[in-house]
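Here the structure is a predicted model, which means the values were calculated and not measured. Values below: all heavy atoms of this structure, side chains included; hydrogens, waters and symmetry mates excluded.
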Amino acid sequence: EAGVAQSPRYKIIEKRQSVAFWCNPISGHATLYWYQQILGQGPKLLIQFQNNGVVDDSQLPKDRFSAERLKGVDSTLKIQPAKLEDSAVYLCASSFGTRDYEQYFGPGTRLTVT
Amino acid sequence: EDQVTQSPEALRLQEGESSSLNCSYTVSGLRGLFWYRQDPGKGPEFLFTLYSAGEEKEKERLKATLTKKESFLHITAPKPEDSATYLCVITQGGSEKLVFGKGTKLTVNP
């Protein structure tokens, strides 16, 4: 079974630039999550989708971050404009259901903002 | 205020030297407590789910236990391949959101 795919794996941008990350979840998984993991900390949920609807985006900085999940499969997370404090690993995860705590994580995208 | 506190932050063991990692939580109405493992450059990998005090789960050299205020991850006779960061995660009543601790970085030397 193929795992959660993410791209790119690494990205370096200057502050005030824009960046986008892509995620392809495990086939058949209805729920998709985006997490931000700052060095030395645990992942923090940014947004959760159930199919193509948003379940929880309470911790998403909506003035600069946006996310979409077209057709309930792939998802894109965008940051515009980026700040220095956005430097982190962005993890995508998926699970079969909304109350499925066994989440499957992708390898992440390491973003460095200079 | 942190809802999940893990200790120690880092732990070095010799191969075969058993030890325990601690996770204490402060939320009321705990719905579930989970342990994940994270290797460098990878996303977390699910290990265990614990729902009620007194519950125990085992997997190879790992055993997770849960009390009303904390959870322990016991590692028996660890091997170098057990080296990773172990993350304690909770959900509380009324929310499906996972709240991660900062993790304990375990290094097992051969």
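- Atoms CD and CG, on Gln41(A) and Leu87(B) in that order, are 11.5 Å from each other to the nearest 0.5 Å.
- No more than 12 heavy-atom neighbours from other residues, nucleotides or ligands sit within 6.0 angstrom of CZ on Arg12(B).
- Atom CD of Glu68(A) sits in a crowded spot, with more than 12 heavy atoms from other residues, nucleotides or ligands closer than 6.0 Å.
- Two rings, from Phe46(B) and Tyr104(A), have their centers 6.0 Å or more apart.
- Other residues, nucleotides and ligands place more than 12 heavy atoms under 6.0 Å from the NZ atom of Lys62(A).
- Of the two parts of Gln6(A), neither the backbone nor the side chain holds a non-hydrogen atom closer than 4.5 Å to a non-hydrogen atom of chain B.
- At most 12 non-hydrogen atoms from other residues, nucleotides or ligands lie less than 6.0 angstrom from CG of Leu39(A).
- For Lys57(B), the NZ atom sits in a packed shell: over 12 heavy atoms of surrounding residues, nucleotides or ligands are nearer than 6.0 Å.
- Contacts with chain B were tallied for Gly42(A), Gly40(A), Pro43(A), Gly108(A); Pro43(A) has the most, counting heavy-atom pairs under 4.5 Å.
- Of the inter-residue distances, the one linking Gln38(B) atom CD with Leu91(A) atom CG reads 6.5 Å to the nearest 0.5 angstrom.
- Of the listed residues Pro44(B), Gly32(B), Gly43(B), the one with more heavy-atom pairs under 4.5 angstrom with chain A than any other is Pro44(B).
- The hydrophobic clustering, which links ILVMFWY residues whose side-chain heavy atoms are closer than 4.5 Å, places Val4(A) and Tyr90(A) apart.
- Heavy atoms of Arg110(A) lying under 4.5 Å from chain B are absent altogether.
- Here the side chains of Leu98(B) and Gln103(A) are in contact, with some heavy-atom distance below 4.5 Å.
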